[in-house]
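What follows is a short report on a single structure.
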Amino acid sequence: MARIVVVTSGKGGVGKTTTSAAIATGLALRGHRTAVIDFDVGLRNLDLIMGCERRVVYDFVNVINGDANLKQALIRDKRVDNLHILPASQTRDKDALTEDGVERVLGEMAEEFDYIVCDSPAGIERGALMAAYHADEAIVVTNPEVSSVRDSDRILGILASKTRQVEQGGDPIPGRLLLTRYSPERVERGEMLSIEDVGEILAIDLLGVIPESQAVLNASNAGQPVVMDMESDAGQAYDDAVARFLGESRPLRFVDAPKRGLFGRLFGG
Amino acid sequence: MGIFDYFRQPKKGSAGVAKERLQIIVARERAARSGPDYLPAMQQELLQVIRKYVEVDDDAVQMNVDREGDCEVLELNITLPDHEESRG
């Protein structure tokens with residue numbers, strides 16, 4: 001049986017798709033059979049981030065409606081073994097993701113994969129609720145910025161009550177925080193919420209901190225998950241997050257501003 | 001930071017303000033989530049009743065449900081204006 005992970009945030013543009021692609025790729029690179037599903041019906045984007053946009057033939061909604069089977073719709077990654085992508089539909093029909101349909105497709109996938117990563121759309125509408133409902137655990141992607149932190153707290157409230165596990169009388173699913181676009185220099189200057197600040201407000205375990213990095217845009221430009229760029233700070237930070245996700249303990253990196261000498265402090269910008 | 005700034009007191013950054021504002025709004029929204037479903041409607045009705053007698057702001061009625069043991073305590077806080085005028 002696969003473990004189902006939802007990558008969510010409430011707010012848009014904080015790095016859910018980047019994170020879904022990086023975590024799924026990282027899991028597959030470690031030999032786990034992994035699928036990543038785009039739940040953002042109408043605004044398909046995971047295919048671009050994964051670099052497989054020209055190979056999309058069928059999508060999630062086609063499988064739900066029975067127009068195609070799972071094998072036909074799943075795109076096998078060309079770079080990484082054990083990695084599959086299920087793209088979102090571009091339909092404008094908001095109700096295309098039916099509860100029964102999503103449950104059936106996830107049930108079928110659970111037989112074949114070790115991990116299923118669900119890339120949630122922004123907001124708290126149907127797509128986001130569907131992505132979270134079947135999850136066994138959550139990764140909450142948050143920027144160190146007021147609106148993102150508030151929306152993450154709202155999503156945590158939804159995760160605490162609106163999952164299958166809770167509805168069946170179980171405990172709320174565990175959720176961990178992934179703080180992205182973090183700038184240690186700005187934190188040091190008192191211009192950005194620190195890891196401790198966000199941790200104190202949201203009160204959940206920390207999965208990782210991804211520094212603000214040019215590598216993320218480079219990766220999305222190239223359609224290559226940033227975790228594959230192991231030269232970059234963001235790539236290494238995502239690799240750490242994947243290791244922690246699998247239970248390894250790794251110290252946080254890229255969270256301190258480089259020390260500047262007296263000269264730098266006197267004349268630096 | 002240039003040579004002159006170095007000798008000045010470091011000014012408090014905006015992150016402190018952000019944290020303070022977040023703590024307040026998040027606590028408030030959590031309280032609203034955890035309360036019974038009828039709370040917002042009750043709050044509105046209370047506001048209407050109070051307005052029959054006193055002109056008050058929209059946020060004059062604050063409600064909070066706390067649990068103490070097996071007891072639920074409803075805390076009701078009504079802020080009246082400085083010089084209330086009864087409309088009789």
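Letters A, B, ... mirror the listed sequences (proteins, then strands); counts begin at 1.
By the neighbour-count criterion of 12 heavy atoms within 6.0 Å, atom CZ of B:Arg21 is sparsely surrounded, having that number or fewer from other residues, nucleotides or ligands. Within 6.0 Å of the CD atom in A:Glu99, the count of heavy atoms belonging to other residues, nucleotides or ligands does not exceed 12. Surrounding CZ of A:Arg244 are more than 12 heavy atoms belonging to other residues, nucleotides or ligands, all under 6.0 Å away. In this structure, A:Glu231 places its CD atom where only 12 or fewer heavy-atom neighbours from other residues, nucleotides or ligands lie under 6.0 Å away.
Remark: B:Leu22 CG to A:Arg150 CZ distance equals 8.5 Å, nearest 0.5 Å.
Of residues 116-148 of chain A, those residues lying under 4.5 Å from chain B by any heavy-atom pair are A:Val146. The stretch residues 195-216 of chain A places A:Asp197, A:Glu200, A:Ile201, A:Leu202 near chain B, each with some heavy atom under 4.5 Å from a heavy atom of that chain. Among the residues in residues 159-182 of chain A, none has a non-hydrogen atom closer than 4.5 angstrom to a non-hydrogen atom of chain B.
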task: Take B:Arg33 and A:Ile158, measure what side-chain contact (heavy atoms from CB on, under 4.5 Å) needs, and give me the verdict at the end.
output: CA-CA 10 Å; B:Arg33 284 208 291 271; A:Ile158 289 168; over 6 Å; no

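Partners of A:Glu191 under the salt bridge (Lys or Arg N to Asp or Glu O under 4.0 Å) rule, at least two apart in sequence or in another chain, are A:Arg189.
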